[in-house]
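Inspection log for the structure reproduced underneath, given as structure tokens.
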Amino acid sequence: MSAPPSHATAKASNAGIDAGTEVDTPTPAADLISKDPRTFKVAPHLLDREAVCRDFRWAHARQALAGLTGGALNIAHEAVGRHALGSRAGHVAIRWLGADGTRQTLTYRELDAQSSRFAHVLVAQGLRQGDLLFVLMPRVPELYVAVLGALKAGLAVAPLYPAFGPEPVAARIEIAGGRALVTTPELYRKKVAPVRSRLVTLTQVFVSNARDAQGEESPDGTLDLQHLMDQASPVFKTVATRPQDMALLHFTSGTTGRPKGAVHVHEAVLTHWATGRHALDLHEDDIFWCTADPGWVTGMSYGVITPLLHGVTMVVDEADFDPLRWYTILQDEGVSVWYTAPTAVRMLMKAGAQAAARFRFPALRFIASVGEPLNPQAVRWGQQVLGLPIHDNWWQTETGGIMIANTVAQPIKPGSMGRPLPGVEALVVQRQEGGAITRAAPGEQGELALRAGWPSMFRGYLGDEARYRKCFAELDGVPIYLSGDVVRCDAEGDYWFVGRADDVIKSAGHLIGPFEVESTLMGHPGVVEAAVIGKPDPLLGEIVKAFVTLRPGVEPTETLHRELLAHARVRLGPAVAPRELEFRPALPHTRSGKIMRRLLKARECGLPEGDLSTLEAS
């Protein structure tokens, strides 16, 4: 949890960011999706991007928030408490859609009262400022109440994805030494009870009976949350946490070893507010829907905190993905700003344009996507089928918020990540032999770095200071964060994702980014998803191997196999195109929707598979 190291030495990387023949894929001007200001339904916050970026200071975001006495800062107060005391008190904060068709709304006043009750429950059970609460719940109102109540009480929150099995749940609680957990009876029985005996630090487990389909009493060894809430006061004085106090602990998996716990502080709320304004263009009358589960950093940062900071109404859908249900929500709930993931977009594409044609989305004015790079085909599909392009953006668990984005008022180069947001300084660097860090030449690919010090920058990997320090280096006397993502920046300042440093393929001196090859394969009408890896080759070092999932009704024939290889070879050239291609009924994804290329490579090459706790259940 230390500040970014000022003299950390970055070690040489074998990830393919050294000198070599670069693969450049300029976007023709005809591919540019321009924006006509006359078509904007509301005036964008970032209409004059250059002026806003030039004049922006993080102090401006701080001034937009209320704060607490003595310079204290608490996310829950900014997200709910200040609205409950003002003109937004009666405005709907959460519009919850149950999987069974039930509905519930919570105004800012009601959400404030319920979260205050939960804060009292925590304090009454002996939990204090600095303790850690794990949240293992489906997307139900109690989840949002628990997160905000814990932050009010000065606790830090560690969200868990409800589809995790017992082992991933236990590993995360053990790593953090968590004292408390809030969950449901069903999740407790399936995910916690089998491993409870080994969780020696876990002393309080709160279980909500509100939606227990079995109607059973709370399991043994747990506390009845609803009973405790009924006895608690709806008024609670928010703990005056300091800006650098831990607020959130987000776990992220590496290629090997146990999950890493990225520490985020209350000051992160400045980034949440600023990116809600600049990247998502939130206005107070918006109906906002983030489809990410709060068990992941996107679902917490932009499915809980950010919309509440801006006082908007957020839609929460309890049900799993279903194309017709999603289109119905967009239409019937009047969603105006929608934040989703590339995998979800591809699944909608797979369902066909005719599914969307049955619906109308007159309120929808902005669509954004995050999780992994958005293929150009998906950007254009949004324009053709939904009437709006889908705007890609880039950030990581470690950055805590959106750093680079395609914004509402700016033209889009399909396939580009966009440009750095106000307050973010990005650059492309290369790791030299001996550990030195240098700037990449204009247009040359290298590792994406950010000037350290933005408010939502993670403050450490819990219990692993050495690993944290390896994420930072110094360039020209300035500390920088090394993202591990390989990119290039074009002449206009737009960034293009090439691949994770570990994923970049080195073949006969060429550096090949998986994203470019995958996007080319997805340009074939029979392909719905593709992933490529570098397969060891004694002559070339590595060759490109592709794994392809086909659209419904398309057969994996030998003729199609040859056609796809030729399709890629014509468009990419023989040095970059796949030499091998394999059809798969499905590709491995994390539960948050990212393709697990490292798992494909491990299985292809007989290597250790690493941490699989986030692997989507097949």
is_close_aromatic([X], [Y]), centroid dist under 6.0 Å:
{"X": "His283", "Y": "His310", "result": "no"}
{"X": "Trp296", "Y": "Tyr161", "result": "yes"}
{"X": "Trp289", "Y": "Tyr339", "result": "no"}
{"X": "Trp273", "Y": "Trp58", "result": "no"}
{"X": "Phe458", "Y": "Tyr468", "result": "yes"}

(Q) Does Leu448 form a side-chain contact (heavy atoms from CB on, under 4.5 Å) with Trp394? I'd like the steps, not just the answer. (A) CA-CA 11 Å; Leu448 175 60; Trp394 177 91; 3.6 Å; yes
In Å, rounded to the nearest 0.5 Å, how long is the span from [atom1] of [X] to [atom2] of [Y]?
{"X": "Thr241", "Y": "Met246", "atom1": "OG1", "atom2": "CE", "result": "12.0 Å"}
{"X": "Glu174", "Y": "Leu199", "atom1": "CD", "atom2": "CG", "result": "5.5 Å"}
{"X": "Leu364", "Y": "Trp338", "atom1": "CG", "atom2": "CH2", "result": "7.5 Å"}
{"X": "Asp281", "Y": "Thr407", "atom1": "CG", "atom2": "OG1", "result": "8.5 Å"}
{"X": "Cys53", "Y": "Leu46", "atom1": "SG", "atom2": "CG", "result": "6.0 Å"}
{"X": "Lys470", "Y": "Leu482", "atom1": "NZ", "atom2": "CG", "result": "13.0 Å"}

Q: Classify the angle between the aromatic ring planes of His272 and Tyr302 as parallel (below 30°), tilted (30 to 60°) or perpendicular (above 60°).
A: perpendicular
Q.
Taking atom CZ as the centre, does Arg451 end up with more than 12 heavy-atom neighbours from other residues, nucleotides or ligands that are less than 6.0 angstrom away?
A. no
Q: Look at atom CD of Gln231 and say whether more than 12 heavy atoms of other residues, nucleotides or ligands are closer to it than 6.0 Å.
A: yes
Q) Thinking salt bridges, do Glu284 and Arg88 make one under a 4.0 Å N-O criterion? A) yes
Q: Apply side-chain hydrogen bond (donor to acceptor under 3.5 Å, both in side chains) to Arg82 and list each qualifying residue two or more places apart in sequence or on a separate chain.
A: Glu78
Q: Would you please name every residue forming a ring-ring contact (aromatic ring centres under 6.0 Å, His included) with Tyr188, sequence neighbours left out?
A: none
